[in-house]
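By convention in this document, chain letters (A, B, ...) are assigned in the order of the sequence lines, proteins followed by strands, and residues within each chain are numbered from 1. This one's a predicted model, so the numbers in the text were calculated from it and none came from an experiment.
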Amino acid sequence: MREMMLIIIGAVLVNNIVLSQFLGICPFLGVSKKLKSALGMGMAVTFVMTLASALTWLIQRYVLEKMQIEYLQTIAFILVIASLVQFVEMVIRKTSPDLYKSLGVYLPLITTNCAVLGVAIINIQKSYTFAQTLTNSIANALGFTLALILFAGIRERLEDANVPKCFEGMPIALITAALMSIAFLGFTGLQ
Amino acid sequence: MINAIISLAVMGAIFGIILGIANKKFVVDIDPRVEAITNALPGANCGGCGFPGCGGYAEAIVVGTAPLDACGPGKDEVRKKIAGIMGADVGESKERKVAQLMCNGGQDKAVSLYEYEGILDCYTAKTMFGGPKVCSYSCIGLGSCIDACPFGCITMGDNHLPIIDYDLCVGCNKCVEYCPQSVIQLIDASKLVHVRCSNRDKGKLAKEACQVACIKCKLCEKNCPEGAIAVVDNGAGGLAEIDYSKCTNCGICVNKCPTNAIEKIMPINIEAINKEDTNNTQSSVACNNCGLCK
């Protein structure tokens, strides 16, 4: 149990996937203009990341290692994640049109999200068990959502702030992201 | 080597088959009419119809929850196309509506309350004592409606009141929704007489706040031959309001109003939007068929 707690705290705060490992920067900057869409993206990533990590763990364990072709990890994982996202999209579209509408725009974005692939590979590198893999991926997704929501909140306020002309838009967003990253450095040593 | 090729090929094949089956099994019927209507719409995504973009409106039409004539920018042409796709009657052409500013209190007419030097946004200015003018009902004049207009038909006048270009306005309702003071209204383009005031304070207070305020004297109400204008108290206070279904554009109230709060504008080119209806041309620009000369 203690180990699980350490994994969760480590993934959410200490090694935050966006602010410390710099994975998934694209949606972090792209979908953080409004709090509502940030939340939607966070939910979609949580969903896909958990499923993808579970599936890639199984593939690694029962296919790649059995065949001794671990060096094909990256390409195999991308194959798995891409098909999974497509499959999930189809299923959601059929079974729950409302969920599809709220996630719809973000799901295809996740197909090429390096955070999802990153977490899947980290799980293997740290040789986690299946339960640990699930915990780690959910925690990482929560960390991603947390960073995204914090950032979106700040950016919404920046809209009304009197930003110097040369820093308007993306420059001030990047500076904000950097400051947030420094703030998250404060969690180092928590473990 | 062989291992790698075979296992990746097998994995790819399995995923492919699964996706193929899922595609068949989880197929969602998309009505071809949705795409046809989306293509027929102007694609401005202005949201004037009340739906999220043109795609959203097209879906709502097919489902049956949206009227066929809600698209302002699309004009009559698009309405006919949509009716054709849906197999419905074309129906009578809908009268064109344009946005009208219900305030004439520019910097020269309205008394200012304080010097505003904040962000140039009406919402921000409104948070400080209800805006920089004494009249809290007035147009704030920082031009948030200009940003809201997706068709670029609003410009800022010298007296810091927005000027709406009636020829360009398509009646999308964006500025009406966006204005924090609600001083913009969507009114039929054939109506030319408008009360350019939204102040609901008592006459004396209104007069102190603005030279061209409605002072609720009821002169317009007493002189209107059609009974179309009246000082209406909606609970928050009285204000001269025109019942546009009765108004004949005669302009008597314009002459009677002691503060010039009522204004008659030049006829708007209604044909600009319904190009087909060319047979109802008027003989003179000044004549508006009010019938008073008879």
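If you measure heavy-atom distances from B:N23 to chain A, the contacts under 4.5 Å come from both the backbone and the side chain.
Other residues, nucleotides and ligands contribute at most 12 non-hydrogen atoms within 6.0 Å of the CD atom of A:E3. When the shell of 6.0 Å around OH of B:Y114 is examined, it contains more than 12 heavy atoms from other residues, nucleotides or ligands. Around the CZ atom of B:F129, the shell of radius 6.0 Å holds no more than 12 heavy atoms that belong to other residues, nucleotides or ligands. Surrounding NZ of A:K33 are at most 12 heavy atoms belonging to other residues, nucleotides or ligands under 6.0 Å away. The number of heavy-atom neighbours closer than 6.0 Å to CE of A:M5, taken from other residues, nucleotides and ligands shown, is 12 or below. Other residues, nucleotides and ligands contribute at most 12 non-hydrogen atoms within 6.0 Å of the CG atom of B:D158.
Interface with chain B: from residues 49-76 of chain A, residues A:I59, A:V63, A:M67, A:I69, A:Y71, A:L72, A:I75, A:A76 qualify, criterion being any non-hydrogen pair under 4.5 Å.
Interatomic distance, NZ of B:K25 versus CE of A:M90, reported as 13.5 Å (0.5 Å rounding). A distance of 10.5 Å separates CD of A:E89 from CG of B:L19, quoted to the nearest 0.5 Å.
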